[in-house]
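The structure appears right after this line, and notes come after that.
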Amino acid sequence: MRYISTRGQAPSLSFEEAMMTGLARDGGLYVPETVPTMTADEIAALAGKSYEEIAFAVMKPFIADTFTDEEFRELIAKAYGSFGHIARAPLVQLAPNHFLLELFHGPTLAFKDFAMQIIGQMMQAALARSGKRITIVGATSGDTGSAAIEAFRGLDNVDVFIMYPHGRVSEVQRRQMTTSVEDNVHALAVEGDFDDCQSKLKDMFNDFDFRDEVHLAGVNSINWGRVLAQVVYYFSSAVSVGAPHRKVSFTVPTGNFGDIFAGFIAKQMGLPIDRLVIATNQNDILHRCMESNDYAKKGVKPSISPSMDIEVSSNFERALFWAHDKDGAAVSSLMDELKNSGSFRISDNAMAALCENYDSGKADEETTSITIASTLTESGELLCPHSAVGVHVGYAHQRHNPEVPMITLATAHPAKFPDAVENASGIRPPLPPRMADLYERSERVTQVPNDLAALQAIIRERRAR
Ligand SMILES: Cc1ncc(COP(=O)(O)O)c(C=O)c1O
Ligand SMILES: N[C@@H](CCOP(=O)(O)O)C(=O)O
């Protein structure tokens, strides 16, 4: 199994190399050259299996011989052992044929844990073999950061630097990133928005001297391993509602497009997915793109679902690569256009290819709050604002296709966003007991200008200590 870049100019890599490399050296994202498939019988055989067994069956063909079967099973067991629910990703029913996939029972209460815990295990195993030391730099709008810190804190051979947009994450999210006591963890509050943080991260990868000097690694969804691990819960949930014997649709609260792209990979593998519905908040660039081919930056507006306050949606590049029949030059030119002019238009053929798989919808701020309140009343489920965006869009889509089961992804625990949830529902969701002292812990964070040289200087200086 080889991995190739979406921009077509970087060397192909093995799974382990792609996982440890992060961004391709041509600025693109690594994807598998061919997607392994599963037969209907193989998919049917997943029904009733544990999450860990399904993770093994779905991921193993992509990692090939990076780990033996025994090693890989052990890594999977360690990754999901700390989850607070025996099913890991339980499904609850919201309404006839509409289900909610709860992805917030991991250690940091967001779906990021599903991928971060297993790539944490895989990267540690690879580092133990190579004896190398790496510097992980991550950009976060709130959830990737804490999940990465949880997965890599306290390790001798890893420094973790997390850039988050100053003042634009919830207090719980901020504290999860700033209260770590381990010396290898560094929280950086950047004066900018998430797109600024992500573009600085990509600039660091594209600065080869810096990249090689600090042995830069990435754990954002730039890293193929992140996307791969997220494919698993599409299978586990779909088989619970009748796949492969019936089609299933998914609605995914979307920002950086990693989660929904994992659904696309599940479909490529043979899972009978009918529609993948992109749900956006008021930062609706992806919805505008799907509706009217209008991928144009307008400036990110802070919302009550801050983790989705994103306009430069990193993994949309992977979707565009497929939509352009894997033509790296075409993807490169769209990405250059976006960088230079803040927008791009997709060719009619590529747009048609996107529409074959994806639909979209949006929820503004008021609709999001109303959905939190109405879902609590009607189904007894207290949603975080991101999941509420998904549930609103999921219901709207399902009205047109009531016969196909809809699974909406609940991407974070409501307790990560207590103010927004309380304002909407009157209920202030408590943190789980193991985090109950989060507000008493002391914070450690460095405020940094939105400036590449300043960020690189801090990273060089801190890792040398
Ligand atoms: C809670 C939550 N929901 C939804 C999203 C959007 O997911 P993605 O960036 O994979 O589209 C994020 C950020 O990744 C998130 O943290
Ligand atoms: N919403 C994310 C943004 C980063 O996404 P990633 O999937 O590329 O890591 C966050 O919470 O940080």
Side-chain angles (χ1 to χ4, degrees), residues 22-23 27 29 108 110 112 115-116 119-120 123 134-153 155 158-180 182-207 210-211 213-223 226 255-258 283 297 299-300 302 306-315 339 416 443-465:
L23 200 69
L29 301 172
T108 68
K112 306 289 179 177
M116 206 63 84
I119 70 160
M123 287 174 79
I134 57 169
T135 303
I136 290 175
V137 182
T140 187
S141 53
D143 293 320
T144 291
S146 53
I149 289 170
E150 182 61 28
F152 293 97
R153 68 192 165 89
L155 299 180
V158 179
D159 283 296
V160 188
F161 292 84
I162 298 297
M163 302 180 282
Y164 70 85
H166 180 56
R168 289 178 180 235
V169 299
S170 80
E171 183 174 358
V172 172
Q173 289 178 313
R174 189 192 74 231
R175 286 180 171 277
Q176 283 182 306
M177 294 186 278
T178 58
T179 58
S180 170
E182 285 81 6
D183 289 341
N184 73 326
V185 173
H186 313 271
L188 306 176
V190 177
E191 289 154 7
D193 57 26
F194 168 76
D195 288 340
D196 295 320
C197 298
Q198 181 158 253
S199 100
K200 293 295 166 298
L201 175 61
K202 290 194 176 179
D203 289 346
M204 286 181 206
F205 271 108
N206 290 326
D207 175 346
F210 177 79
R211 175 179 184 156
E213 175 193 334
V214 304
H215 305 288
L216 188 61
V219 293
N220 277 95
S221 53
I222 287 171
N223 189 320
R226 279 274 317 281
N256 230 9
F257 215 85
N283 296 298
K297 285 162 68 177
V300 172
S307 308
M308 284 155 55
D309 292 347
I310 297 175
E311 278 200 325
V312 183
S313 182
S314 181
N315 290 282
K339 197 158 195 168
K416 290 191 100 164
E443 295 189 74
R444 205 161 43 94
V445 57
T446 308
Q447 203 169 320
V448 196
N450 175 22
D451 177 77
L452 181 63
L455 284 157
Q456 288 177 322
I458 288 181
I459 292 168
R460 281 196 173 101
E461 190 249 329
R462 294 273 176 87
R463 68 183 290 281
R465 277 186 200 167

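Quick caveat, the model's predicted, so the values are computed rather than measured.
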Minimum heavy-atom distance between Phe152 and Val219, given as atom pair plus value: CE1-CG1, 3.7 Å
From CA spacing to verdict: side-chain contact (heavy atoms from CB on, under 4.5 Å), Leu201, Ile222: CA-CA 10 Å; Leu201 175 61; Ile222 287 171; 3.9 Å; yes
Contact check, side chains of Met177 and Ile149, non-hydrogen atoms, under 4.5 Å: yes
Considering all heavy atoms, the nearest Val190-Pro449 contact: CG1-O, 4.3 Å
Leu455 side chain reached by Asp203 side chain, heavy atoms, under 4.5 Å: no
Intermediate values then yes/no, side chain to side chain donor-acceptor pair (under 3.5 Å), Gln456 and Asp207: CA-CA 10 Å; Gln456 288 177 322; Asp207 175 346; 3.1 Å; yes
Carboxylate-amine/guanidinium proximity below 4.0 Å for Asp195 and Lys297: no
Point-to-point distance, once rounded to the nearest 0.5 Å, from CD1 of Ile310 to CD of Gln198: 6.5 Å
Min side-chain heavy-atom separation Arg168-Phe194 under 4.5 Å: no
Sequence-distant partners of Glu182, salt bridge (charged side-chain N to carboxylate O under 4.0 Å, His left out), two or more places apart: Arg153
Steps toward side-chain contact (heavy atoms from CB on, under 4.5 Å) verdict (Met204, Val214): CA-CA 10 Å; Met204 286 181 206; Val214 304; over 6 Å; no
CG on Asp193 to CG on Asn450, rounded to 0.5 Å: 8.0 Å
Closest contact, heavy atoms only, Ser313 versus Gly255: OG-O, 2.7 Å
Side-chain touch Thr108/Met116, heavy atoms, less than 4.5 angstrom: no
Approximate separation, where rounding is to 0.5 Å, of Arg175 CZ and Ser146 OG: 14.0 Å
Asn283 side chain to Val300 backbone, donor-acceptor under 3.5 Å: no
Residue pair Leu23, Leu29: steps toward the side-chain contact (heavy atoms from CB on, under 4.5 Å) verdict: CA-CA 6 Å; Leu23 200 69; Leu29 301 172; 3.7 Å; yes
Separation between CD1 of Ile459 and CE of Met163, rounded to the nearest 0.5 Å: 6.5 Å
Thr179 side, atom OG1; Arg174 side, atom CZ - distance, nearest 0.5 Å: 10.0 Å
Smallest separation among heavy atoms of Gly120 and Ala151, with atom names: CA-CB, 4.4 Å
Minimum side-chain heavy-atom gap Thr178-Arg444 below 4.5 Å: no
Heavy-atom pair with the smallest gap, counting every atom of Ile134 and Ala217: CD1-CB, 3.9 Å
N/O donor-acceptor pair under 3.5 Å between Thr140 side chain and Gly145 backbone: yes
Derivation of the side chain to side chain donor-acceptor pair (under 3.5 Å) call for Lys202 and Ser314: CA-CA 10 Å; Lys202 290 194 176 179; Ser314 181; 2.9 Å; yes
Atom pair CG (Asn184) and CZ (Arg463), whose distance is rounded to the nearest 0.5 Å: 12.5 Å
Verdict with supporting geometry, Gln176 and Glu150, side-chain contact (heavy atoms from CB on, under 4.5 Å): CA-CA 9 Å; Gln176 283 182 306; Glu150 182 61 28; over 6 Å; no
All salt bridge (charged side-chain N to carboxylate O under 4.0 Å, His left out) counterparts of Lys112, not counting sequence neighbours: none
4.5 Å side-chain heavy-atom contact, His186 and Ile458: no
Heavy-atom pair of closest approach, residues Ser141 and Pro165: CA-CD, 4.3 Å
Side-chain donor/acceptor of Thr144 to backbone N/O of Asn220, under 3.5 Å: no
Close side-chain approach of Met123 and Asn223, heavy atoms under 4.5 Å: yes
